[in-house]
Chemist: 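The structure's right below; bear with me while I get my questions together.
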Number of protein chains: 2
Amino acid sequence: MTIEQNLVKKLRSSNLRPTKQRIEICKVLFDRERTFHFTISDLAKILNLNSKNKISLATIYNTVEILKSKGHLKEISINSDKTFFDTNISNHHHFFNENTNELTDFYDEDISRIKIKKNIPGKKVKSIEVLVKIANSN
Amino acid sequence: MTIEQNLVKKLRSSNLRPTKQRIEICKVLFDRERTFHFTISDLAKILNLNSKNKISLATIYNTVEILKSKGHLKEISINSDKTFFDTNISNHHHFFNENTNELTDFYDEDISRIKIKKNIPGKKVKSIEVLVKIANSN
DNA sequence: TATTACTTTATAACTATTCTAAACTAGTGT
DNA sequence: ACACTAGTTTAGAATAGTTATAAAGTAATA
Ligand SMILES: [Mn+2]
Ligand SMILES: [Mn+2]
Ligand SMILES: [Zn+2]
Ligand SMILES: [Zn+2]
């Protein structure tokens, strides 16, 4: 099955019509080896380079929002200026490079087991995520 | 020493003139038992209730920003809509209540020791913070 | 092909935040 | 007390990210 067929399947399975704009966007998001962390402006920049016929900013916002709502993207808040999105929708941890503003994933196997000792009666834990801020050593 | 004298000292030690606006704001921020987590609109609301002579929104933004730059406040990103600030400037962890949007602190003693096993050559770790999202059990 | 629901788009609206520049005030020296 | 200066406050304008609107276009379905 081609990449494109896969993306069409992904869209259809979420009741989204596989329009050419959505396929373009999904190629950028999901046709890659590693997790992709991006802001809307990152994504718009990439799309406007690669694609011949430009996709409107409104569509980019719409599509990212709908992909998030269907569970294909996750929103990450690191920084108050711009929202990050993540193609890795699992519960996981991040390095944030303060020099480059880049996010990198790491997983439970890369960190000691986390156990919260504090009691929170009447509440349930939805997620536990670690943010490690890093910077160049030099 | 009165609360007010303390705040004046705090401001002066950061080369900030203890104006009546700043003292009003600092009372709200620092004259309390526990850590205060707030957004600018939270703070503005509180100030406009308590204070007879209103403080302009520009001054509230200015003051929070300058207190942050002097190391008396810390900025926290949880949510892309609004920036949170924290009177607890130490490296620490948070519960975020998804029902109420409230932040609560917890500390190293409330969590198992965190050890990052992943190598990040050429980088130094600036902070390691855990965010636990919680919600009502019901 | 006709019908309908969904999608894209340009653009307006909205909201949090920052900037501007004029009026005001606190500190300092006389 | 008065004058001077640097720092502060303020209203309002500007900016930037994001969301809403509504008209034109397109995909699915019969
Ligand atoms: Mn900020
Ligand atoms: Mn959002
Ligand atoms: Zn990630
Ligand atoms: Zn805190």
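First the proteins, then the strands, lettered A, B, ... as listed; each starts at 1.
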Chemist: Please write out the pairs of protein N or O atoms and N or O atoms of nucleotides 4-8 of chain C separated by less than 3.5 Å, giving the distance to one decimal.
Modeler:
residue	atom	partner	partner atom	Å
dC6(C)	O4'	R17(A)	NH1	3.4
dC6(C)	O4'	R17(A)	NH2	3.4
dT7(C)	OP1	R17(A)	N	3.1
dT7(C)	OP1	R22(A)	NH1	2.5
dT7(C)	OP1	R22(A)	NH2	3.4
dT7(C)	O5'	R22(A)	NH2	3.4
dT8(C)	OP1	T19(A)	OG1	2.3
dT8(C)	O3'	Q21(A)	NE2	2.8

Chemist: Verify the contact: side-chain N or O of Y61(B) to OP1 or OP2 of dT17(C), cut-off strictly under 4.0 Å; return yes or no.
Modeler: yes

Chemist: Using whole Å, report how far CG of L57(A) lies from P of dA12(C).
Modeler: 15 Å

Chemist: What pairs of residues pass the side chain to side chain donor-acceptor pair (under 3.5 Å) test when at least one of them lies in residues 9-30 of chain A, not counting sequence neighbours?
Modeler: E4(A)-K27(A), S14(A)-H72(A)

Chemist: Knowing that exactly one of H94(A), H93(A), H92(A) qualifies, which makes a ring pair (Phe, Tyr, Trp, His ring centres under 6.0 Å) with F106(A)?
Modeler: H93(A)

Chemist: Distance from L73(A) atom CG to I89(A) atom CD1, nearest 0.5 Å?
Modeler: 8.5 Å

Chemist: Linking directly or through intermediates, with side-chain heavy atoms under 4.5 Å: list the remaining ILVMFWY members grouped with F84(A), chain and number order.
Modeler: I76(A), I78(A), F96(A), L103(A), L131(A)

Chemist: Stepwise, does the side chain to side chain contact (heavy atoms under 4.5 Å, CB included) test hold for I46(B) with F36(B)?
Modeler: CA-CA 12 Å; I46(B) 294 167; F36(B) 185 37; 3.7 Å; yes

Chemist: Strictly below 4.0 Å: does T83(B) bring a side-chain N or O up to OP1 or OP2 of dT17(C)?
Modeler: yes

Chemist: Using whole Å, report how far CG of N53(A) lies from P of dA10(C).
Modeler: 12 Å

Chemist: Is the NZ atom of K70(A) crowded by more than 12 outside heavy atoms at less than 6.0 Å?
Modeler: yes

Chemist: Establish, with yes or no, whether the OP1 or OP2 oxygen of dG17(D) is under 4.0 angstrom from a side-chain nitrogen or oxygen of K82(B).
Modeler: no

Chemist: Can you tell me how far apart CZ (F85(B)) and OG1 (T83(B)) are? Round to the nearest 0.5 Å.
Modeler: 5.5 Å

Chemist: Output the rounded distance in Å from CG (D81(A)) to P (dA16(D)).
Modeler: 12 Å

Chemist: Just the rounded figure in Å: distance from P of dT17(C) to CG of N79(B).
Modeler: 10 Å

Chemist: What is the distance, to the nearest angstrom, from the CD1 atom on I60(A) to the C1' atom on dA16(D)?
Modeler: 16 Å

Chemist: Between atom CG in L11(B) and atom P in dA26(C), what is the gap in whole Å?
Modeler: 13 Å

Chemist: Please name all residues satisfying salt bridge (charged side-chain N to carboxylate O under 4.0 Å, His left out) with K74(B), sequence neighbours left out, ordered by chain then number.
Modeler: E129(B)

Chemist: Mind calculating the distance between CZ (F84(A)) and P (dG17(D)) to the nearest angstrom?
Modeler: 12 Å

Chemist: In whole Å, what is the span from the NZ atom of K45(A) to the P atom of dG17(D)?
Modeler: 10 Å

Chemist: Which atom pairs, one a donor and one an acceptor, fall under 3.5 Å between side chains of residues 117-125 of chain A and the rest of the protein, sequence neighbours left out?
Modeler:
residue	atom	partner	partner atom	Å
K118(A)	NZ	D105(B)	O	3.0
K124(A)	NZ	N136(B)	O	3.0
K124(A)	NZ	S137(B)	O	3.3

Chemist: Which angle, to the nearest 10 degrees, lies between the helix axes at the two ends of the helix from dT1(C)-dA30(D) to dT30(C)-dA1(D), each defined by five pairs?
Modeler: 20°

